[in-house]
Visitor: 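The structure that follows is given in the form of structure tokens.
Every heavy atom of this structure was used, including side-chain atoms; hydrogens, water molecules and symmetry mates were not.
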Amino acid sequence: MKIFYICESSIEHDVGGGGEGTRKAYRSLKAYCQQNGVELGVISLNDRLPESLPFDPVKTRTLDALARLCGHSNYLWFFWLRHKEEILSLKPDIVVLGRSRYGFMAKDIKADLSDCKVVTLFENVEIDYAPSYFTNISGLPKALSVALERIAVKKDERDCVRHSDAYVLLSERDKIRIREIYCCRGGNCAIIPVCLENATQLSGKPLLPVDLGKPSTSRKVVFTGRLCYAPNIESVEWLLANIIPKFRGREDVKFIIAGSRPSEHLKKKIREHKNAALVENFLKSYDIIPRCSLAVCPSFSGAGMKVKVADALSMGLVTVASDEALAGYEEAYGLRGLIRANTVDEYITAINDYMAMNEHELSEIEAENKAAFERYYSYERAEKSYARLLEKLV
């Protein structure tokens with residue numbers, strides 16, 4: 001039996017939530033194939049994995065733009081046109097599509113290989129995510145770009161829904177959305193939330209608990225995320241306008257804003273606050289976050305699940321998050337170290353409550369949050385869930 005996994009990004013090198021999603025799927029599929037004597041083939045960007053098939057996608061901005069003009073939402077459309085006959089001649093039994101933008105693949109696979117099972121992975125509902133791609137433009141150009149993007153995305157995502165035998169979604173919210181938008185009954189559907197490797201496995205450090213250093217006299221309140229991504233920029237600007245000034249002049253707390261590719265405008269805004277520090281170009285969040293810090297996740301827009309919440313739980317951090325940031329994390333509700341907050345007053349109260357906690361309380365919360373991460377958001381959970389789904393298809 002052969003399982004092919006196709007994704008547009010690099011499994012080895014991609015960063016952010018998208019990279020975590022591709023690695024979760026790859027590791028889970030690899031574990032299943034090794035345990036069951038199944039052949040795994042992978043098509044991805046700029047990877048040299050043991051399972052890599054001899055097809056090398058090439059990604060450019062020009063190809064991405066031309067794909068939209070041809071009515072599709074992803075540069076892989078050109079790659080697929082060129083290589084689909086060769087790929088399908090290898091006669092895979094299951095093809096796992098790494099994104100719900102690959103409807104053109106799902107449609108062709110089912111037309112040419114009627115017995116082949118197609119599984120589509122929804123890292124979010126792409127049509128809801130479309131506006132987030134246009135951070136750097138505004139006004140009429142943005143409105144037109146978003147409208148064209150939605151048309152192309154809806155076509156491809158609808159075809160994925162129609163021609164897939166199974167779906168993997170992050171949350172019940174996403175399951176409801178594809179039913180609403182595409183009149184999909186859900187079919188053979190698995191909900192597998194954001195799942196990450198243990199930080200220690202990634203860094204080569206000893207097994208959990210991760211030693212992030214002793215709590216210092218100055219507590220840290222930390223926001224992490226790509227600072228070129230519109231919802232993250234919105235969150236940071238909200239913190240700078242509404243929360244960070246409330247703690248000006250206090251020596252016992254400092255705010256850390258950590259992320260990649262911030263604009264000069266955003267850097268300037270952060271520098272205006274003496275109690276806030278910007279950290280750029282770090283590899284992993286656990287490298288720059290002191291133990292017993294507080295993670296804040298005031299997300300108000302976006303789609304899918306916010307990886308930063310699972311990341312914070314993996315380090316045992318007290319975590320304060322908005323309803324949007326907590327979408328998909330329902331299994332962890334009830335943890336005293338996972339606090340819902342949506343208003344300025346709620347965030348200020350949560351930070352003050354955190355400041356009043358002693359080391360013993362913070363250590364207890366650290367253990368509870370790490371245990372919840374291991375149970376709900378680790379690779380072990382993902383591997384078991386993928387195995388159950390695949391067993392239904394074979």
Side-chain angles (χ1 to χ4, degrees), residues 15-18 129-143 145-146 216 218-290 293-304 306-309 311-312 315 317-326 339-352 354-355:
V15 297
Y129 193 77
S132 300
Y133 284 100
F134 303 99
T135 304
N136 298 321
I137 58 176
S138 59
L140 184 59
K142 180 171 184 175
S145 297
V146 170
S216 62
S218 174
R219 294 273 179 83
K220 304 298 188 296
V221 177
V222 186
F223 176 90
T224 60
R226 288 179 298 142
L227 299 179
C228 55
Y229 175 50
N232 285 340
I233 296 170
E234 178 187 27
S235 297
V236 170
E237 291 181 340
W238 185 84
L239 288 169
L240 292 171
N242 298 287
I243 304 301
I244 293 174
K246 303 291 185 183
F247 295 87
R248 185 181 292 120
R250 287 182 57 167
E251 299 295 327
D252 57 342
V253 60
K254 184 155 188 170
F255 291 82
I256 297 173
I257 297 169
S260 59
R261 298 169 58 192
S263 66
E264 290 301 321
H265 177 69
L266 188 60
K267 288 181 185 180
K268 182 180 178 182
K269 281 190 170 184
I270 295 169
R271 285 195 294 264
E272 291 172 356
H273 298 267
K274 292 184 179 179
N275 58 337
L278 173 65
V279 180
E280 300 178 73
N281 303 320
F282 59 93
L283 291 177
K284 298 296 175 184
S285 53
Y286 55 79
D287 290 331
I288 54 94
I289 300 176
S293 296
L294 172 71
V296 289
C297 309
S299 298
F300 303 108
S301 60
K306 309 301 181 285
V307 174
K308 58 175 66 69
V309 175
D311 198 35
M315 291 182 285
L317 304 179
V318 181
T319 304
V320 182
S322 62
D323 287 340
E324 174 60 37
L326 291 175
I339 302 160
R340 178 187 282 107
N342 293 291
T343 67
V344 171
D345 287 344
E346 287 171 341
Y347 272 89
I348 291 172
T349 298
I351 293 171
N352 282 325
Y354 155 73
M355 296 297 297

Visitor: List the atom of K220, the atom of P290, and the distance in Å for their closest heavy-atom pair.
Guide: CG-CG, 3.7 Å

Visitor: I need the minimum non-hydrogen distance between A350 and I339, along with the two atoms involved.
Guide: CB-CG2, 4.4 Å

Visitor: Do S301 and E234 pair up side chain to side chain, a donor and an acceptor below 3.5 Å, judged on atom types alone?
Guide: yes

Visitor: Decide if the gap between the ring center of W238 and the ring center of F223 is smaller than 6.0 angstrom.
Guide: no

Visitor: As a quick check of understanding, evaluate side-chain contact (heavy atoms from CB on, under 4.5 Å) for K267 and E280, giving each step before the final call.
Guide: CA-CA 10 Å; K267 288 181 185 180; E280 300 178 73; 3.5 Å; yes

Visitor: Rounded to the nearest 0.5 Å, what's the gap from CD1 on I257 to OG on S235? Could you check?
Guide: 10.5 Å

Visitor: What closest approach, in Å, do C297 and V309 show between heavy atoms, and which atom pair accounts for it?
Guide: SG-CG2, 4.0 Å

Visitor: Closer than 3.5 angstrom, by distance alone: can the side chain of R271 be matched with the main-chain N or O of A277 as a donor-acceptor pair?
Guide: no

Visitor: State whether the side chain of T319 and the backbone N or O of L317 hold a donor-acceptor pair below 3.5 Å, judged by distance alone.
Guide: yes

Visitor: Would you find a donor on one side and an acceptor on the other, under 3.5 Å apart, between the side chain of T349 and the backbone of D345?
Guide: yes

Visitor: Look up atom CG in L240 and atom NZ in K269, then write down how far apart they are to the nearest 0.5 Å.
Guide: 7.5 Å

Visitor: With rounding to the nearest 0.5 Å, note down the distance linking CD1 in I244 to CZ in F255.
Guide: 5.5 Å

Visitor: So, do R248 and H273 sit near enough that their side-chain heavy atoms are less than 4.5 Å apart?
Guide: yes

Visitor: If you apply the rule side-chain contact (heavy atoms from CB on, under 4.5 Å), what do you find for V222 with T224, and how did you get there?
Guide: CA-CA 7 Å; V222 186; T224 60; 3.8 Å; yes

Visitor: Quick check: does any side chain N or O of S322 sit under 3.5 Å from a backbone N or O of A341, one acting as donor and the other as acceptor?
Guide: no

Visitor: Using the test side chain to side chain contact (heavy atoms under 4.5 Å, CB included), find all partners of R250 that sit at least two apart in sequence or belong to another chain.
Guide: F247, D252, V253, N352, M355

Visitor: For the atom pair CG (L278) and NZ (K268), what is the distance rounded to the nearest 0.5 Å?
Guide: 15.5 Å

Visitor: Are the side chains of L227 and S260 in touch, meaning some heavy atoms are under 4.5 Å apart?
Guide: no

Visitor: Any side-chain heavy-atom pair from I289 and I256 closer than 4.5 angstrom?
Guide: no

Visitor: Does K246 have more than 12 heavy atoms from other residues, nucleotides or ligands lying within 6.0 Å of its NZ?
Guide: no

Visitor: Heavy atoms, side chains only, cut-off 4.5 Å: are V236 and L266 in contact?
Guide: yes

Visitor: Between K306, K308, E237, which is the residue that forms a side chain to side chain donor-acceptor pair (under 3.5 Å) with N232?
Guide: K308

Visitor: Output the distance between atom CG (L326) and atom CZ (R340), rounded to the nearest 0.5 Å.
Guide: 6.0 Å

Visitor: Can any side-chain N or O of Y347 pair as donor or acceptor with the backbone N or O of V296 at less than 3.5 Å?
Guide: no

Visitor: To the closest 0.5 Å, what do you measure between CG (D323) and CG (N342)?
Guide: 4.0 Å

